[in-house]
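One structure below.
So that the names make sense, note that chain A is the first sequence line, chain B the second, and so on, each numbered from 1. Note that this is a predicted model, so its numbers are computed, not measured.
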Amino acid sequence: MPVQPRRAALTDSATETVRLSGVSFGYADGPDVLRDVNLILPAGSFHFLTGPSGAGKSTLLKLLTLARRPTAGALALFGEAAGEAPRAALPVFRRRMGVVFQDFRLLDHLSAFDNVALPLRLAGVRRESWAEDVEEMLDWVGLGERMNDRPPTLSGGEKQRLAIARAVVTRPELILADEPTGSVDAAMGERLLKLFQSLNRLGTTVLIASHDEALAAASGATALRLEGGRLLGGGT
Amino acid sequence: MIGRWIPRRAPILPRDGGGEPWLAAVIAVLCFLACLSAVGAVAADRAAHGWVRQLRAEATVQVRPRVNETGSEAAARAAQTLAGVTGVDEAEAMDRKTAEALLRPWVGDAVLPDLPLPHLVTVRLDPEAPASPVSLSRALAEAGVDATVDDHSLWRGEVERSAALITLLALTAFLLTAGGAGAAIVYATQAGMAAQRTVIETLSLNGASDGRIAGLYQTRYALLAAGAGAAGAVVAMGLVAGARFLGGADGVTPALPVTWGDVLMLSPCPLLAATVALVAARITALARLRGGR
């Protein structure tokens, strides 16, 4: 029987994709990297998370991907209490989100095609039902001609686009992207931004962590700013 | 863009090209040894049963001659008496030459002519309904023959105990080698997971459950062990078949009689090796994932 996340009456899942209530986090015995963060991302919203290096942007995304757990406060995803969810319940949350990692996290032994198909294979979806989607996704990010190439042969920008294709191929409800335009030129950055905007128009909640405040401003998305582990604006 | 060539799906886990061939070699050798142990256990059990059956089918009677009677006469009279007992197929007095031939390997030729030898009668019993030592003794007493009947029960017990010990040792060796194969898989799984930590994190963050990740490792090592087990079993089967072929009907030696059935008995080895690997890899992978290491 599939494991279901514990239900909690923390949020309205129809209207809130993410809710952080008084969340703090610190690594081991170190100081808190995030302090008393309160944040609500309504379903279908588009937010940029900006701030200087070391502000805690990547750490906040790690909490949202459940790679780390808050040391204090409550975290809810898709209307379910997720901060203390048992390990067995994590895949249920993660299959509803797509993540673009700053370091791409591509599997070097797999082709571009297989990297994009990875979340679908892991979810046990039959190949016949997704092979075409994966090809279309690769075409969409401009890698249609390189689907049989492996990540080590791709440029930084191509890896970034491949990572984005993998994150969105499952049509997730929430997309979390950590510096998704960091390795591409301005033109490609703009194209990727449009890609996220078009996904958002389809109802996907998008949160992009970026130090590029100009891009954030140009996107027209709601800007959130983290400084010293505190969320300064745009939160709840 | 349908119609472009898409390669066959690659395994989700990267290959450990450096370590896996050596792991396969270790498992193949362990499976070979396990196969030999299994055949040894079965052959030892078979040999022991054969010896016991042979001992059960015979009895030896030591005859003490009366005054004015030679030992040969007494033995002949005892043989005649015993031949008429129900449950006896044949009774034959052992002449001195035959008795000396039995003792020669232990005492040599030098002392044999001067050695006083007991007067013996060899009795072959009906294997279906053998005469009991009591009935043989009673018949001899009624015929006025002073004799002692030995039904080989002392030897039989020792043979049975020795055979049971050999079988136990062979089974222990079999279980130890199977355990060794399991331990090798545990080590390989742990080493593989440590080396592929970032891959595992990536799989996990892309929605893979612990069971799914453990399944990838268990499939990999089960297939590897099945192949290695097949290699080890084929070599062992060749060796056993050779022993059976060279030894004719009794196998390579009467002490360890092997049969063609023993060769076939080894055929499930790849399946067994795969099962051991599957269980070991799954338990190890799940423990490691849940331990957060």
Side-chain angles (χ1 to χ4, degrees), chain A residues 2-3 61-62 64-67 86-101 103-125 127 131-132 134-140 144-145 147-150 163 166-167 169-170 172 176, chain B residues 1-21 23 188-189 191-221 223-224 281-293:
Chain A
V3 177
L61 291 192
K62 282 178 183 171
L64 296 179
T65 60
L66 304 174
R87 187 178 168 83
L90 302 189
V92 180
F93 288 110
R94 287 171 176 162
R95 285 175 192 167
R96 298 174 72 177
M97 63 176 81
V99 186
V100 182
F101 301 95
D103 56 357
F104 314 135
R105 297 282 184 106
L106 299 169
L107 300 185
D108 287 348
H109 66 289
L110 296 181
S111 65
F113 181 90
D114 279 331
N115 264 288
V116 174
L118 184 68
L120 298 158
R121 286 176 69 179
L122 291 173
V125 184
R127 183 190 172 105
E132 203 173 320
V134 171
E135 283 192 69
E136 283 176 4
M137 193 58 67
L138 282 163
D139 283 332
W140 197 32
E145 299 304 315
M147 66 167 65
N148 293 322
D149 295 335
R150 295 185 178 182
R166 184 181 64 185
V169 73
T170 57
L176 303 168
Chain B
M1 299 298 279
I2 304 305
R4 283 182 296 202
W5 179 74
I6 298 170
R8 192 172 60 86
R9 275 195 307 177
I12 290 177
L13 286 180
R15 288 267 165 221
D16 175 15
E20 282 183 15
L23 176 65
T189 305
M193 292 183 78
Q196 295 165 355
R197 187 175 177 150
T198 53
V199 173
I200 291 169
E201 279 177 12
T202 302
L203 298 180
S204 187
L205 290 170
N206 277 283
S209 64
D210 288 349
R212 179 79 168 96
I213 295 170
L216 295 173
Y217 280 95
Q218 78 187 37
T219 303
R220 161 160 300 180
Y221 288 117
L223 290 175
L224 182 142
R282 182 164 189 87
I283 291 173
T284 307
L286 284 177
R288 199 176 172 90
L289 288 166
R290 287 169 185 167
R293 287 174 294 149

Minimum heavy-atom distance B:A208-A:P91, with the two atoms named: O-CG, 3.9 Å
Can you say whether A:L107 sits under 4.5 Å from chain B via the side chain, the backbone, both, or neither, judging by heavy atoms? side chain
Can you see which heavy atom on A:P119 is nearest to which on B:N206, and at what distance? CG-OD1, 3.6 Å
Residue pair B:T202 / A:R166: nearest heavy atoms and the distance that separates them: CG2-NH1, 3.7 Å
Max heavy-atom pair count under 4.5 Å with chain B, selected residue of A:H109, A:R94, A:R95: A:H109
The criterion is salt bridge (charged side-chain N to carboxylate O under 4.0 Å, His left out); which residues satisfy it with A:R105, sequence neighbours excluded? A:D103, B:E201
Structural part of B:I213 lying under 4.5 Å from a heavy atom of chain A: neither
Minimum-distance pair of heavy atoms, taken over all atoms of A:L110 and B:P11: CD2-O, 3.4 Å
Can you find a pair of side-chain heavy atoms, one from A:L118 and one from B:L203, that are under 4.5 Å apart? yes
